[in-house]
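What you are looking at is a predicted structure, and each value in this text was computed from that prediction instead of being measured. Only heavy atoms go into these numbers, but all of them, side chains included; no hydrogens, no water, no symmetry mates.
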Amino acid sequence: MNDELKYLAKEVAQGRLNRRQFLGRAGALGVSMAFAGTMVSTAVQAEGPVKGGTLRVGVEGGSSSDTLDPALITNNNAGLIGRLWGEPIVELADDGSLKPVLCEEFSSSPDAKVWKFKIRKGVSFSNGKALTAADVQATLERHAGEDSKSGALGILQDIASISSQDGVVAVELNSANADFPYLLTDYHLMIQPNGGKDDPAAGIGTGPYVIQEFDPGVRTVASKNPDYWGSYGHAETVEIITLNDDTARTSALQSGQVDMISRVPPKVASLVARAPNLQVVRRSGPGHYVFIMHCDTAP
């Protein structure tokens, strides 16, 4: 029975059998839906990602005031769009560790007050310009400047100076901070040509996609960046559709209007998971909510 299930799961992964048919046959063999679903997921992962096509994603949080300027990102919708066209210096890996992205390596002085980032070679922006350490320096300067309106300003205020030379960016802090590289994973800090000082909302970055259409709070379309240096971005086109209402977002998924949604409402997650062609993925995120204590004002 196990060999037959493995064969059927592989048929699903290769598109020759749909999930409803697989679950029906698995049920006939006395296998639970939970176990059968796990087998399909394992088979799909073994087959690897499907290349090409259009991925339609329903996302909450968008508004008509959204912009492509990463400094002004205020919601999940804009953050997702930012990661289509842009990339940070480093990012969090699935296990919570730091993973170099636009830098090849990073290191600090013994006192953790000076951090150096060796910028990756052979990377270009979607406008054809080669990525340089000067671009990274300019990006950090724009977000950390005195007149900055960036959402990342607060975490960069301890920077004393930024310099770049021979492909290396050096950041000197006013005080020691062993966690400084973690701060640079912030979703506002997408590296832009000349730091975005020339045109911050141009949507030009080193990411896997190029923005083709941008209708704030409604719809965004991006196509595969043919010169992308990394391995992300398997779909040929990604369409982000703003669906702020939970019911509308869930209905769009169930009716096939979109292929994926964010934030499945917990009260209906179990119902959505019962659909033979849908899968609910649960994972913890790196974010956290805090109660901010304003120590400089009265209670």
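Here the closest heavy-atom approach between residue Ala176 and residue Asp111 is recorded as CB-O, 3.0 Å. Shown here for Ala235 and Leu55, the closest heavy-atom pair between the two residues is CB-CB, 4.0 Å.
A salt bridge links Arg219 with Glu213: the distance from a Lys NZ or Arg NE/NH1/NH2 to an Asp or Glu carboxylate oxygen falls below 4.0 Å. Comment: Lys129 engages Asp135 in a salt bridge, judged by a side-chain N to carboxylate O separation of less than 4.0 angstrom. Here Arg56 does not pair with Glu239 in a salt bridge; the nearest charged N to carboxylate O distance is not below 4.0 Å. At a threshold of 4.0 Å, the pair Lys121-Glu104 does not count as salt-bridged, since none of the basic side-chain nitrogens sits closer than that to a carboxylate oxygen. Ionic pairing of Arg142 and Asp69 is present here: one or more N-O contacts between side-chain nitrogen and carboxylate oxygen are shorter than 4.0 angstrom. Taking the charged nitrogens against the carboxylate oxygens, Glu91 and Lys99 do have a contact shorter than 4.0 Å, which makes a salt bridge. One finds no salt bridge joining Lys224 and Glu236 here, because no Lys/Arg side-chain nitrogen approaches an Asp/Glu carboxylate oxygen to under 4.0 Å.
Residues Val59 and Val258 are members of separate hydrophobic clusters, defined by side-chain heavy-atom contacts under 4.5 angstrom among Ile, Leu, Val, Met, Phe, Trp and Tyr.
With Gln137 contributing its side chain and Ser164 its backbone, the two residues share a donor-acceptor pair below 3.5 Å.
Residues meeting the side chain to side chain contact (heavy atoms under 4.5 Å, CB included) test with Thr237, sequence neighbours left out: Thr54, Val221.
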